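Before any comments, here is the structure.
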Amino acid sequence: MTLKAGYPFWLIKDGLPFTFPKLDHDIETEVAIIGAGISGALVRYHLINAGIKCITIDARTIGLGSTSASTSLLQYEIDVPLYKLSEMIGKDKAERAYQLCSEAIDKLGEIVKARGADYFEKKESLFYAAYKKDVKGLKQEFEARKAAGFKVRYLEAEALKKEFNIDAPGAILSEQGAQTNAYMLTHCLLQHKHKGGKANDIFDRSPVTNIKHNKDGVVLKTESGHTIKAKKLIYATGYEVVNFIDKKVVDLQSTYAVVSEQYNERDFWKDEVLIWNTANPYLYMRTTPDNRVLIGGRDEDFSDPHKRDKLMKRKTGQLVKDINKIFPDLKFKPEFVWTGTFGSTKDGLPYIGEYSKLPNSYFALGFGGNGITFSLIAAEMITDLILGKENKDIELFAFDR
Ligand SMILES: Cc1cc2nc3c(=O)[nH]c(=O)nc-3n(C[C@H](O)[C@H](O)[C@H](O)COP(=O)(O)OP(=O)(O)OC[C@H]3O[C@@H](n4cnc5c(N)ncnc54)[C@H](O)[C@@H]3O)c2cc1C
């Protein structure tokens, strides 16, 4: 599967900060992690901190899956609004899912600080109605979030114009939110207690081509014919999990992102809040620490890479028009443009934990617009499961939910 195309901004900005060897020998370990994107990196970080010996293996050069394409907005707001999710799975469970995402943002901030990684900044999040017809749902969503204890403020059209200079029929302003650089964070996490040489525990460019799930462990075979024997396996394979699992858990789509040229002045919009809207597909916007503006969206319902990539020029034109309409004074000039595969689930929630048909393994599948916060939740839950600790939230994201 080709997960992305074009020039993802952070890949250009940060390049290849660290390199890793291919697997060229057989290994036995406690836990094997397939995938070294943000999900695999967070799982490894938590396992190592819990004293669990693990090795990480990736088919690509590290980070070059979806993680390098991520626009790295961190929101507690799941793709399915809270009031709708409550109708789908019940109020308590829906609120708990939102709370876990909210806590995940702060925990990611703490991890970034602990690792001395290059970027994490708290930002408020502004969710505006794209059309008048969306106002009713937006107000319902505001009430649901307020009742659940989230710090939110409703802005009528007039207040939205006055405070943020946005012409829209209304918006919810949430206190909780942040932005990061998932690509560099992944690299920083993988450096945590990473040993080089003979003790090396991270391998890239080593596709796993066969996996046997036995009663007492798993045996992985790589393309080069080497074997990894482990007691437990973590699938942190991102959207390519569809190659390993017979259950349909995700709809694959395509999304597009554009980053502007650098501006001299830093007066984009008030407080540089994260911005997204109620359109379907929705638009999402943020700023970068080096004075750029990013807009993403214009998703398509297919993931065929040929069709997806052919649309990049047209999508760029549309996204530039979109942002110039919202902020005409920006005079947005695109510099980096890319597209990536994106996945959504039936309820906007990820799949985390065990899948009964594949014993001795756990899945860390942070699908959706909040993939990164879900990855953090997955890392914590899987570590608990491996340590034999009870985690009551696991049923929210179970395969048989
Ligand atoms: C354009 C775009 C914008 C996004 N914006 C946001 C955002 O603003 N906020 C947010 O939270 N999320 C966002 N996401 C989603 C987020 O980027 C993903 O959820 C996240 O990067 C997934 O990380 P991952 O580690 O699960 O997957 P990946 O980064 O894809 O890593 C999985 C790894 O598994 C490896 N792998 C797969 N199969 C095998 C195999 N057989 N053998 C060995 N290795 C294998 C792959 O090579 C890959 O490197 C966005 C996604 C895209 C595409």
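Starting from 1, each residue takes its place in the sequence as its number. Given the structure is predicted, the values throughout are model-derived calculations rather than measurements. Just so you know, ligand 1 is whichever comes first in the structure, and atom 1 is the first atom listed for that ligand.
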Could you find the nearest protein heavy atom to atom 37 (C) of ligand 1 and give me its residue, atom name and distance? E240 OE1, 3.1 Å
Considering P350, G63, A69, G340, which one's heavy-atom position lies nearest to atom 2 (C) of ligand 1? A69
Is there a heavy atom in G296 that sits closer than 4.0 Å to ligand 1? no
Under the 3.5 angstrom rule, does the side chain of S70 hit a backbone N or O of S72 as a donor-acceptor pair? yes
If you look at every heavy atom in F268 and Y263, which pair is closest and at what distance? CE2-CD1, 3.3 Å
At less than 4.0 angstrom from any non-hydrogen atom of G366, what atoms of ligand 1 do you find? 19 (O)
Looking only at N/O atoms, are S66 and ligand 1 under 3.5 Å apart anywhere? yes
Answer yes or no: does an N/O atom from F342 fall short of 3.5 Å to an N/O atom of ligand 1? no
Do any nitrogen or oxygen atoms of G371 lie less than 3.5 angstrom from nitrogen or oxygen atoms of ligand 1? yes
Identify the protein heavy atom lying closest to atom 49 (O) of ligand 1, giving its residue, its atom name and the separation to 0.1 Å. D58 OD2, 2.7 Å
Are any side-chain N or O atoms of K248 and backbone N or O atoms of V250, one a donor and one an acceptor, separated by less than 3.5 Å? yes
Top protein contact for atom 18 (C) of ligand 1, by heavy-atom distance: Y239 OH, 4.0 Å
Between L74 and ligand 1, is there a nitrogen or oxygen pair with a distance under 3.5 Å? no
for atom 46 (C) of ligand 1, nearest protein heavy atom and its distance come out as R60 NH1, 3.2 Å
For ligand 1, which atoms sit closer than 4.0 Å to a heavy atom of I34? 39 (C), 40 (C), 42 (N), 43 (C), 44 (N), 45 (C)
At under 4.0 Å between heavy atoms, what of S72 touches ligand 1? The answer is backbone
Is any NZ, NE, NH1 or NH2 atom of the basic residue among D290 and K13 found under 4.0 Å from an Asp or Glu carboxylate oxygen of the other? no
Are T341 and ligand 1 in contact, using a heavy-atom cut-off of under 4.0 Å? yes
Shortest reach to atom 3 (C) of ligand 1 by a heavy atom, considering only N243, T71, L73: T71
Give the residue, atom name and distance (to 0.1 Å) of the protein heavy atom nearest atom 20 (C) of ligand 1. I38 CG2, 3.9 Å
Atom 26 (O) of ligand 1 sits nearest the protein heavy atom S39 OG, 2.6 Å
Contact with ligand 1 for A257, non-hydrogen, under 4.0 angstrom: no
Tell me whether K139 is salt-bridged to E143, with the criterion being a basic N under 4.0 Å from an acidic carboxylate O. no
Heavy-atom pair with the smallest gap, counting every atom of S260 and F332: CB-CE1, 3.5 Å
Strictly below 4.0 Å, N to O, side chains only: are D271 and K123 in salt-bridge contact? no
Are any of the N or O atoms of P207 closer than 3.5 Å to those of ligand 1? no
T237, I372, T255: member with heavy atom nearest to atom 52 (C) of ligand 1: T255
N/O donor-acceptor pair under 3.5 Å between R205 side chain and T61 backbone: no
With a 4.0 Å cut-off on N to O distance, would you call D106 and K122 a salt bridge? yes
Would you confirm whether T339, through its side chain, and T255, through its main-chain N or O, come within 3.5 Å as a donor-acceptor pair? yes
With nothing but distance in play, are any N or O atoms of A59 less than 3.5 Å from an N or O of ligand 1? yes
For the side chain of Y355 and the backbone of I245, is there at least one donor-acceptor N/O pair under 3.5 Å apart? no
Please name the residue in the list E272, R292, E121 that meets the side-chain contact (heavy atoms from CB on, under 4.5 Å) test with T287. E272
Does a side-chain N-to-carboxylate-O contact under 4.0 Å join R153 and E124? no
In terms of residue, atom name and distance, what is the protein heavy atom nearest to atom 29 (O) of ligand 1? T67 OG1, 2.6 Å
Going by heavy atoms, is G369 under 4.0 Å from ligand 1? yes
How does Y256 reach ligand 1, if at all, at less than 4.0 Å between non-hydrogen atoms: by side chain, backbone, both, or neither? neither
For F374, is the nearest heavy atom under 4.0 Å from an atom of ligand 1? no
Quick one: look up the protein heavy atom nearest atom 34 (O) of ligand 1 and list residue, atom name and how far away it is. G35 CA, 3.3 Å
Electrostatic pair E300-K307, nearest N-O below 4.0 angstrom: no
Side chain, backbone, both or neither: the part of A236 lying under 4.0 Å from ligand 1 by heavy atom: backbone
Which pair of heavy atoms, one from K315 and one from R298, lies closest together, and at what distance? NZ-O, 3.1 Å
Decide side chain to side chain contact (heavy atoms under 4.5 Å, CB included) for T29 and D201; before the verdict, give the C-alpha distance in whole Å, the side-chain angles of both, and the deciding distance to 0.1 Å. CA-CA 10 Å; T29 182; D201 57 358; over 6 Å; no
N/O to N/O below 3.5 Å, does that happen between S70 and ligand 1? yes
Between T373 (side chain) and I105 (backbone), is there a donor-acceptor pair under 3.5 Å? no
Note: ligand 1 atoms sitting under 4.0 Å from heavy atoms of F244 are 41 (N)
Donor-acceptor contact below 3.5 Å, side chain S206 vs main chain L23: yes
Can you confirm, on distance only, whether ligand 1 has an N/O atom lying under 3.5 Å from any N/O atom belonging to L3? no
Give yes if a backbone or side-chain nitrogen or oxygen of V208 is under 3.5 Å from a nitrogen or oxygen of ligand 1, and no if not. yes
Would you say S206 and ligand 1 have an N/O pair spaced under 3.5 Å apart? no
